[in-house]
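I have placed the structure first, in the form of C-alpha cells, so that the comments after it can refer back to it.
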Amino acid sequence: MSELEKIAKQILAKGKGILAADESTGTMTKRLASVNVDSTSENRLKFRETLFSAASMKNNIGGVILYDETIKQKTSSGKSVPELIKSFNSIPGIKVDAGAKKLSGSPEEKITEGLDGLRERLTEYYKLGARFTKWRAVYNISDKYPSELALKSNAHALARYAALVQEAKMVPIVEPEVLMDGEHDIMKCYEVTSKVLEECYSELKLHKVDLKGTILKPNMILPGNKSKNKSNTKEIATMTLKCLKENVPNEVPGIAFLSGGQSEIEATQNLNEINKINDTNFLMSFSYGRALQQSALKNWAKDINDINNTQKIFNHRSKMNGLSTSAKWNIDLEKQLTT
Ligand code: 13P
C-alpha cells in the first residue's frame with residue numbers, strides 16, 4: 001500500500017471521520033456574528049482549540065481540515081495547532097483553494113481559484129505538518145446550470161490541484177459540491193451529481209492522479225431545500241449509493257460526505273442509512289463543518305471559557321457520527337450526553 005493510501009485509510013479508519021474547521025476568516029466571522037461573538041484571531045483560535053482538545057478527537061476524528069490562519073497559530077499550551085491535533089493521533093489537513101469566484105463566460109456560476117503558486121504553498125504546509133489537503137468546487141442547480149463550461153473548468157482545476165498535492169506527498173480531498181439550494185427534486189440532484197463526478201474522474205485520470213491516494217468529499221443526493229417533493233432517509237441513502245457506485249472508480253479508498261446545510265441529526269441519520277446498505281469497498285464517512293460544530297458553537301458563545309460543556313456537546317456529535325460510519329447509530333442514542 002502506498003504512503004498516500006495509508007494516510008487516507010488512517011483518516012477514515014473505523015469510527016472516524018473528518019472535522020472540517022477550515023472556514024475562511026470571512027465565513028468564520030459570519031458564524032461568530034450569528035452567536036454574537038467578535039471575530040478576533042484570538043476568539044477564532046479559542047473556539048477551535050476547544051474542539052481540537054476534546055476527548056473525541058482520539059476515537060472519532062481522524063483528520064482536521066485547517067485554514068491558513070489556524071495552521072500557523074500556537075495553542076494556549078505553547079504547542080502549534082498541528083501538534084495538538086497529532087497528539088490525539090489525528091492528522092492535520094489544510095484547505096488550499098482560494099475560494100469560488102465568478103466564472104468568466106458564465107458569471108452566475110463559480111470557478112474555484114488558487115492554482116497560482118500552489119506548489120510553493122504546498123511545500124510550506126507540509127513543513128507545518130499537513131498531510132492532506134482540500135479543494136472545493138461548487139455547482140448550482142437550475143434549468144440552465146451547471147453549464148458544460150462550469151463542469152469542465154472546475155474538474156480541470158480540481159485535477160491540477162490533486163496532481164500537485166500528490167507530488168507534495170499529501171492526500172488531496174477532491175470536493176465537488178452540488179449545492180442543495182433550489183426547487184429541484186432528488187432525481188435532478190442525482191443527474192447533476194453524476195455528470196459532475198464523471199467529469200471530475202475523467203480529468204483526474206488525464207492528470208495521472210493516483211486515485212488510491214485520494215479522498216472524495218461529495219454532497220449526498222438530496223432534493224433542493226425549496227423542493228415540494230421531500231425525500232425520506234431511505235430514498236436519500238439509496239440514491240446516494242447508486243450515484244457513487246455508478247460514477248466513482250473502485251480504487252478510491254474513501255468517501256467523506258460534506259453536510260452542506262443539513263441539520264446535525266439529518267447528516268448523522270443519512271450517513272447511518274447509507275452505511276446500512278453500503279455494499280461497496282468504499283469507507284463511507286463524514287467531513288462535516290456545520291453538522292459537527294453548530295451546537296458546540298451555540299453553547300460556547302454563552303460562555304467562551306466554559307470549555308467542558310462545549311467539549312461535551314462536540315464529543316457527543318462526533319461520537320454519533322462515528323457510530324453512523326458503521327451503521328450503529330439510532331435516535332435513542334441521541335438522548336445520551338455522557339462523555
Ligand atoms: P459543511 O459540512 O458545513 O457543508 O462544510 C464542509 C466543508 O468543508 C465545505 O467545504
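When a ligand or atom number is given, it counts from 1 through the structure's own listing order. Only this structure's heavy atoms are used, side chains among them; waters, hydrogens and symmetry mates stay out. Since this is a predicted model, take the numbers as computed values, not measurements.
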Which heavy atom of I141 sits nearest a heavy atom of C189, and at what distance? CD1-CA, 3.9 Å

Would you say G260 has any N or O atom under 3.5 Å from an N or O of ligand 1, going by distance alone? yes

What residues form a side chain to side chain contact (heavy atoms under 4.5 Å, CB included) with D22, not counting sequence neighbours? A20, I65, K95, K134

Atoms of ligand 1 under 4.0 Å from any heavy atom of A20, numbered from 1 in the order shown, are 8 (O)

Polar contacts were defined as any N/O atom of the residue lying under 3.5 Å from an N/O atom of the ligand; does this apply to R31 and ligand 1? no

Which heavy atom of the protein is the closest neighbour of atom 9 (C) of ligand 1, given with residue, atom name and distance? E175 OE2, 3.3 Å

Heavy-atom pair with the smallest gap, counting every atom of G63 and I11: N-CG2, 4.1 Å

Atom OH of Y201 and atom CG of N247: how far apart are they, to the nearest 0.5 Å? 9.5 Å

Residue portion contacting ligand 1 (non-hydrogen atoms closer than 4.0 Å) for R136: side chain

the protein heavy atom lying closest to atom 10 (O) of ligand 1 turns out to be K134 NZ, 2.6 Å

Could you tell me if any non-hydrogen atom of K95 lies under 4.0 Å from any atom of ligand 1? no

For a salt bridge (charged side-chain N to carboxylate O under 4.0 Å, His left out) check, start with the C-alpha distance between K276 and E273, then their side-chain angles and the critical distance, and finish with the verdict. CA-CA 5 Å; K276 272 191 201 166; E273 204 64 31; 3.4 Å; yes

Check if S287 has a non-hydrogen atom at a distance under 4.0 Å from any atom of ligand 1. yes

Any N or O on E177 sitting closer than 3.5 Å to an N or O of ligand 1? no

For M284 and L244: C-alpha separation, side-chain torsions, deciding distance, then whether side-chain contact (heavy atoms from CB on, under 4.5 Å) applies. CA-CA 11 Å; M284 298 272 205; L244 297 171; 4.1 Å; yes

Just to verify, which of N270, I277, I255, I221 counts as forming a side chain to side chain contact (heavy atoms under 4.5 Å, CB included) with T240? I221

Using side chain to side chain contact (heavy atoms under 4.5 Å, CB included) as the criterion, list what pairs up with I111, not counting sequence neighbours. L103, S153, N154

Got an N/O contact under 3.5 Å between S259 and ligand 1? yes

Going by the side chain to side chain contact (heavy atoms under 4.5 Å, CB included) test, name the single residue among L258, I61, L12, I18 that passes it with F286. I61

Heavy-atom contacts with Y288 under 4.0 Å: which atoms of ligand 1 show up? List them by number with element. 2 (O)

Could you tell me the residue and atom name of the protein heavy atom closest to atom 6 (C) of ligand 1, and the distance to it rounded to 0.1 Å? K217 NZ, 3.4 Å

Among all protein heavy atoms, pick the one closest to atom 5 (O) of ligand 1 and tell me residue, atom and distance. G289 N, 3.6 Å

